[in-house]
Amino acid sequence: MEYNFRDIEKKWQKEWTDTKAYQVNNNSAKPKYYVLDMFPYPSGAGLHVGHPLGYIASDIVSRFKRLKGFNVLHPMGYDAFGLPAEQYALEHGVHPAKSTAQNIDNFRKQLDNIGFSYDWDREVRTCDADYYKWTQWIFLQLFNSFYDRHQQKAVAISELINSFEQEGNTKHICPGNPTLQFTAEAWKAFSEKEQQDILMDYRLAFCGYGEVNWCEALGTVLANDEVVNGVSERGGHPVVKKKLRQWYLRITEYADRLLSGLDTIEFSEAMKEMQTNWIGKSSGAEISFELRATSFEQKNDSQLAARSSRLLVYTTRPDTIFGVDFMVVAPEHELIEKITTAEQKEAVDAYITYVKSRSDRERQAEKKITGCFTGAYAINPFDGREIPVWISEYVLAGYGTGAIMAVPCGDERDFKFAKHFNIPITNILGNAFNGTEPNATKDAVLSNSGFLNGMLMRNAIEVVITKLEEMGIGKRKVNYKMRDAAFSRQRYWGEPFPIVWQDGIAYPLDEKELPLLLPDVESYGPGPDGEGPLANLNDWKNTTYKGKPAVRETNTMPGYAGSSWYFLRYMDPSNDQAFCDKKVSDYWNQVDLYIGGTEHAVGHLLYSRMWTKALYDLGYIGFDEPFRKLLNQGMIQGVSEFINEVRLHREIVSKYENHVKNLFFTTETCEVSLQLPNKGGNNGKHFFFSQDVNFDFNIGVLDVATGRLNIQEKEISSSHANIKYIDQRSDKSVLNIEKWMDEQPVYEESFLICKNGYWHNHSYYDFSGNKLDYKLEFLTRPEVEKMSKSKLNTVSPVDPIDPENKDTIVVKFGADTFRMYEMFLGPVDQSKPWDTKGIEGVHRFLKKLWRLFFDENKGKIWTDEQPTAEELKVLHRTIKKIDEDTERYSFNTAVSSFMICVNELSDLKCHKKQILGDLLILLTPYAPHIAAELWKQLGNEGSVLDASFPAFNAAYVTETSKEYPISINGKTRTNISIALDATEEQVKEIVLANELVQKWMEEKPLKKLIFVKGKMINVVI
RNA sequence: GCCCUGGUGGUGGAACUGGUAGACACGCAGGACUUAAAAUCCUGUUCGCCGAAAAAGCGAGUGCGGGUUCGAUUCCCGCCUGGGGCACCA
């Protein structure tokens, strides 16, 4: 009987489904254990080999904990709202609900083939109304709450109103507008609109204004993903920043708790560091600088008001105030318009236009120093010095006050800026500043610093803050880099907000009106004025509120809304009275092990932590951290293949559209002329170059009017070629041109230029234009990067359309082999490119295991004989190793221990049931199908899933002596076997008496002998 | 640019807390079985030197340069380089 993995795996997968082997009960006497995978987005490309890495790891842990006697919750579901489905709908007119359902079906089919132990009765989909009803409900809780800074928790907004009615807002500073102050009387006198506007500035979910990537040509807001080099990915249209009304979550109020909560959870240090940096807590001072009036006092009345304007900066280093040589203000700062002088206006406007086209990322990454003087001056409050006010893109409006005081002698960026614009640098650091590079120290003694002279900078910080507070022009300030989370999207495929607008006031829907269903739309295109597609639905949009006309909110929620609380819904997935029964969440409590990639470090993982804290504050759940332990899986990277293209600039192409007949270029060996197709349009004008063609060529076109023309305006671009068209030949990646053309007929008229000829219109030619009867090699350039649909480099373990496709790993080698191979690849938390080299080894291991049970000719060969001491030693060594390795998520070394065990048992010709049975239990989490089959074959009653993990007995593995490595001066020279209970004196005697040791010592005296019991011995001479 | 993370044979990786670098596999080379192939099994495999070969031995070696230590893949300092994230991909 041979190892027929396909049949075995299908049989057991059916068995487990039929018997509901993975169904989990919310009531159990067993201790609970909750293992969760990060919510997958069901993309059209289906599951790729990167997904299962974490799923296999979590499946191993689930099954392992089950063997160890836990009641294990291990659910799966889909984060099903999102941009890609909407994008697909825009392009193909398919309703996102339909394509999403299709994608989920495919995803599921793939998962089912790998043998996961999910309780599918608990599946959730964020796009189901039964689910998003509760996402909307939680939104309403956030909308109806504010953060009470005294109690450090979320509290119902009704309590805030009570407080306003009693004492105005003296007790609760307004987080959205810190300078706002009003009395109880004033509150009562406010109109409803005024009151609601004030409340909005307190709510945890609130409406405000924020900048988005606006693409005028498409009439829509673009995701960062859709913007490439400042233009839209689709169509290449310009993208600028635009302010739009947006919903936000006031996550900044939770900043401190998100920080301190990190101490209570087991995330990697790297992850904690990333979150800490993201939150970016710093303390310093806010300083209000007076602006010199003269420069703008001549302006008209409205600008005269600016005379009283002051420039507010945030600094962590108030001690450097005498070293301030200029101010830098964010170009979008509202003060700029007021303070810019007439002479500088043109330059400033031009600079602002430039900055509008730049993303925050570009602005910070830019090495080139840019900026513009506003003509205005601020005044140093201590020495009256006039400080020029500049604007520059490196200061972002969203951080601090959007303005900094620049101290070039102490700050890298400020220093470069000053050098670039020839701004004189004041040295306040004495000898600590050499004039050629800035020094950010806090330990220098201050000079040129007025009343601070001679003081250590570190100590001066407090002194300056105190002085500023006395003068009433500054105050101590804790600042966070983190901003409130933008919570609305101008999109269709997301949760509608349960909000209606009337007279500019946002009213929440009543709980009873939930879910507010996402309506169907005719087109997925944008609505008017930057609104989302829902704005086009007048019937849906126009509604009534308290009998009067009102309009619904037409934004939808972002992808992370549904994923911020899904781990709670799995506990109680079909509850229609609550998002999750409190008793149930009390039982399951936190996720004990959460597995997913680091790419969610600061998005999902912060949002879900915040939601959990808010739900805890409001009393709906009993814990305020969702994930007790986080394991980051590494990324399985894909090998992308790039294809080089030379593009003639658009203008050139259109300019010569009718003249261009030939294209010339030179290779290393000859000059080549290609006749261009007569057809108009762009299709024929693609020129792809093989990787081995020298790129340093001239290119030209024949212009009928002027003769030959050299084209300088060309660019070489690289784009992804789908790896399914690439053949790997030894070290080369060769494009299969025919296959590629089958699916991309638009390129038929293009030229694919190879080293010794070219391809055009289904034929190969040499550079003289002679048709060839053989193929040329067109090479692409491989590069390792994230595996993703958009990079066309995904590899799938199971074909989503045809699960029996023989080209896929699971069909070829089986799910058990695939599972163990993914684990064997390396540490689960490390990234590595996908490569199937080596999968044979794992497959051989399973076959070898099989042969411990079955012989080709003899059939069953296991016996009931008593195991020998040697066999027990092998088994128990393995038990210990598998137990330890699984506990510490070292799955790759566990797999190798299984291999060692099977190799040794094979060498010992051990076919004893007692040994093999225990081995199968150990193997169950890793290779459940083969383990279940052999377990059954051995004649065991019951499922191996519920066997109990074998107990390790140290007596079987105890050693009495050890082959000690003997080093002479740190270099290993020999080994000596010494009893493990030998004393240091005995060891010394044995070692020094050794012939080889004496030879190396050459009669030199012994300086020292280092003896580490059970490890090694080092002789120092 | 900023934050995080990785770099060990031809390849994936092992060495868990500073203690024999290269476990376990892949690949490759040689051999056994076979008419042959597949499958399976055995032997070798970090590099260099010495040597006909084997054995033995010597030297170097964990991205690069320095340091701490009896001893460093592991700790410290500086650099090079791959990957991920940077707030609307999820």
Side-chain angles (χ1 to χ4, degrees), chain A residues 2 38-43 79 81-84 87 212-213 221-227 246 268-271 273-274 276-278 280 360-367 394 398 413 481-486 488-491 558-560 563 597-604 606 632 634-635 637 784-786 788-790 821 824-827 829-833 835-842 844-845 847-848 851 856 884-885 888 890 892-893 895-900 903 906 963-967 969-975 1007-1010 1012 1014-1021:
Chain A
E2 66 179 89
M38 277 186 195
F39 222 13
Y41 175 81
S43 93
D79 187 10
F81 275 131
L83 203 50
Q87 204 65 264
V212 294
N213 298 317
V221 177
L222 298 178
N224 288 334
D225 239 31
E226 302 173 290
V227 183
Q246 301 286 347
S268 67
E269 283 310 310
M271 183 64 54
E273 217 169 314
M274 273 190 265
T276 304
N277 291 339
W278 181 265
D360 282 6
R361 182 102 47 91
E362 286 170 327
R363 285 171 59 172
Q364 287 171 86
E366 187 58 68
K367 281 183 186 168
Y394 79 84
R413 229 163 181 166
K481 203 150 68 192
M482 181 167 67
R483 309 198 286 265
D484 283 327
S488 50
R489 303 290 183 260
Q490 291 68 48
R491 299 283 177 176
Y560 68 82
S563 62
T598 52
E599 64 271 24
H600 296 285
V602 288
H604 164 63
L606 274 175
N632 288 118
M635 192 169 281
Q637 292 149 326
V784 169
E785 57 182 350
K786 184 173 171 171
S788 107
K789 189 189 176 189
S790 64
Y821 180 60
F824 190 58
L825 272 177
D829 58 351
Q830 241 166 61
S831 296
K832 54 235 150 194
D835 192 347
T836 48
K837 266 191 293 186
I839 194 165
E840 297 272 358
V842 175
R844 265 175 222 154
F845 152 75
K847 288 201 278 189
K848 195 165 180 178
R851 285 200 303 275
E856 247 178 283
E884 286 173 358
D885 284 358
R888 69 188 172 101
S890 179
N892 57 326
T893 53
V895 173
S896 110
S897 303
F898 279 123
M899 290 174 168
I900 293 170
N903 287 345
S906 297
E963 277 281 303
Y964 277 96
I966 312 296
S967 304
N969 285 342
K971 279 196 201 307
T972 310
R973 296 299 181 184
T974 187
N975 290 300
K1007 263 199 203 139
K1008 202 175 359 170
L1009 185 127
I1010 289 160
V1012 184
K1015 294 273 190 200
M1016 50 70 70
I1017 293 157
N1018 188 13
V1019 181
V1020 186
I1021 49 178

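All chains are named by letter (A, B, ...) in the order of the sequence lines, taking the proteins before the strands, and each is independently numbered beginning at 1.
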Could you pull out all residues at least two apart from A:R491 that satisfy side chain to side chain donor-acceptor pair (under 3.5 Å)? A:E226

Under a plain distance cut-off of 3.5 Å, with no hydrogens placed, do A:K481 and A:N277 share a side-chain donor-acceptor pair? no

Quick one: A:F845 CZ to B:rG13 C1', roughly how many Å, whole number? 17 Å

Can you tell me, in whole Å, how much space there is between the P of B:rG66 and that of B:rA60? 15 Å

Polar side chain donor-acceptor pair, A:S890 to A:T893, under 3.5 angstrom: yes

Would you say A:N892 places a side-chain N or O within less than 4.0 Å of OP1 or OP2 belonging to B:rA14? yes

A:I1010 CD1 to B:rG18 C1', in whole Å, measures 12 Å

Under 3.5 Å, side chain of A:Q364 to main-chain N/O of A:D360, donor-acceptor pair present? yes

Nearest listed nucleotide, side chain of A:T893, among B:rA14, B:rG19, B:rC24: B:rA14

P atom, B:rA23 versus B:rG44: distance in rounded Å? 12 Å

Looking at A:R973, I'd like to know whether one of its side-chain N or O atoms comes within less than 4.0 Å of OP1 or OP2 on B:rU20. no

Ignoring backbone atoms, establish whether A:R844 has a side-chain N or O less than 4.0 Å from OP1 or OP2 of B:rA39. no

Rounded off to whole Å, could you give me the CD-to-P distance for the A:E856 and B:rU34 pair? 15 Å

Determine the contact category for A:N1018: base if any of its heavy atoms lies under 4.0 Å from a base atom, sugar-phosphate if only primed atoms, P, OP1 or OP2 are that close, otherwise nothing. base

Identify, between A:N277 and A:G970, the residue whose nearest nucleotide on RNA chain B lies closer to the 5' end. A:N277

Examine the side chains of A:Q637 and A:S831 and answer whether a donor and an acceptor come within less than 3.5 Å of each other. no

Contact state string [nucleotides 82-90 of chain B, B base, S sugar-phosphate only, - no protein heavy atom under 4.0 Å]: -SSSBBBBB

Tell me, yes or no, whether the heavy-atom count around A:E856 atom CD, taken from other residues, nucleotides or ligands under 6.0 Å, exceeds 12. no

Looking at A:K832, I'd like to know whether one of its side-chain N or O atoms comes within less than 4.0 Å of OP1 or OP2 on B:rU5. no

Answer yes or no: does a side-chain N or O of A:K847 lie under 4.0 Å from OP1 or OP2 of B:rU40? yes

Extract the stems that RNA chain B is part of, considering only consecutive pairing runs of at least three Watson-Crick or G-U wobble pairs, both distances under 3.5 Å. B:1-7 with B:80-86, B:10-12 with B:24-26, B:27-32 with B:40-45, B:46-49 with B:57-60, B:63-67 with B:75-79

